[in-house]
Amino acid sequence: QVQLVESGGGSVQSGGSRRLSCAAFGYTYSSFNCMAWFRQAPGKEREGIATIDSDGSTSYADSVKGRFSISQDNAKNTLYLQMNSLKPEDTSIYYCAGVYRREYCGPPPRPADFRYWGQGTQVTVSS
């Protein structure tokens, strides 16, 4: 059974940084040809913000480009999201997700295309 577990969420001041991790259990992480980070704020749709495919190619939503960085460590079965220059509008629940088909990386990634999801981790940015 595949399980994705996020960690690293919490509260941070505006302008600060945070690194999220997503560990994969029950499956070889490198079998996912596309991994992504999504976020969802209250009352808003889930938004794909960053993807990385099996070749290491990345893409970002305009809202986070230049501030966030997605990376992966296949040896540790772990996906990361480094978030810098955080803003109050980045406050959301952040989810990692994986899928076998690389073309689902988009951009943009669509939530309906991703089969495996973590439980989410809350990031709150205060002004």
(request) Test S63 against R39 for side chain to side chain contact (heavy atoms under 4.5 Å, CB included), laying out the working first. (result) CA-CA 12 Å; S63 57; R39 68 184 182 185; 3.5 Å; yes

(message) Determine whether T124 and S11 satisfy the following criterion, side-chain hydrogen bond (donor to acceptor under 3.5 Å, both in side chains), listing intermediate values before the conclusion.
(response) CA-CA 5 Å; T124 302; S11 298; 4.7 Å; no

(request) Starting from the C-alpha separation in whole Å, work towards a yes-or-no answer on side chain to side chain contact (heavy atoms under 4.5 Å, CB included) for V123 and D90. (result) CA-CA 8 Å; V123 175; D90 293 319; 5.8 Å; no

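The distance from atom OG of S21 to atom CG of L79, rounded to the nearest 0.5 Å, is 8.5 Å. The CD atom of Q72 sits 10.5 Å away from the OG1 atom of T78 when rounded to the nearest 0.5 Å.
Listed by first and then second residue, the salt bridge (Lys or Arg N to Asp or Glu O under 4.0 Å) pairs that reach into residues 111-126 are R110-D113, sequence neighbours excluded. Every pair passing disulfide bond (SG atoms under 2.5 Å apart) that includes a residue from residues 97-127 is listed here, sequence neighbours excluded: C34-C105.
Scanning both residues, D62 and K65, for their nearest heavy atoms gives OD1-NZ, 3.3 Å. Closest non-hydrogen pair, I52 versus S71, comes out as CD1-CA, 4.1 Å. For the residue pair A50 and L81, the shortest heavy atom distance occurs at CB-CD1, 4.2 Å.
By the ring pair (Phe, Tyr, Trp, His ring centres under 6.0 Å) test, Y116 pairs with F32, Y100, sequence neighbours left out. Not counting sequence neighbours, the partners of E103 by the side chain to side chain donor-acceptor pair (under 3.5 Å) test are R101.
Here the side chains of V64 and W37 are not in contact, with every heavy-atom distance at 4.5 Å or above. When side chains are defined from C-beta on, I70 does not count as touching Y80, because their heavy atoms never get closer than 4.5 Å. The shortest side-chain heavy-atom distance between F25 and L4 does not fall under the 4.5 Å cut-off. With contacts defined as side-chain heavy-atom distances shorter than 4.5 Å, the pair Y94/I49 qualifies.
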Side-chain donor-acceptor pairs of residues 82-89 under 3.5 Å, sequence neighbours excluded:
unit_1 : atom_1 : unit_2 : atom_2 : d
Q82    : NE2    : N84    : OD1    : 2.9
N84    : OD1    : S17    : OG     : 2.9

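F114 belongs to a hydrophobic cluster whose other members, connected by ILVMFWY side-chain contacts under 4.5 Å either directly or through intermediates, are F38, I93, Y95, V99, Y104, W117.
S92 and Q122 are not linked by any side-chain donor-acceptor pair at a separation below 3.5 angstrom, with hydrogens and angles left out of the test.
Put simply, the side chain of R18 gets close to the backbone of G8: a donor and an acceptor are under 3.5 Å apart. Between the T121 side chain and the G9 main chain, a donor and an acceptor come within less than 3.5 Å of each other. A donor-acceptor pair under 3.5 Å is absent between the side-chain atoms of D55 and the main chain of S57, judged by distance alone. Proximity of a side-chain donor or acceptor of Q40 to a complementary backbone N or O of E45 within less than 3.5 Å is not detected. A donor-acceptor pair is defined here as one N or O able to donate and one able to accept, closer than 3.5 Å; such a pair exists between the side chain of Q119 and the backbone of E6.
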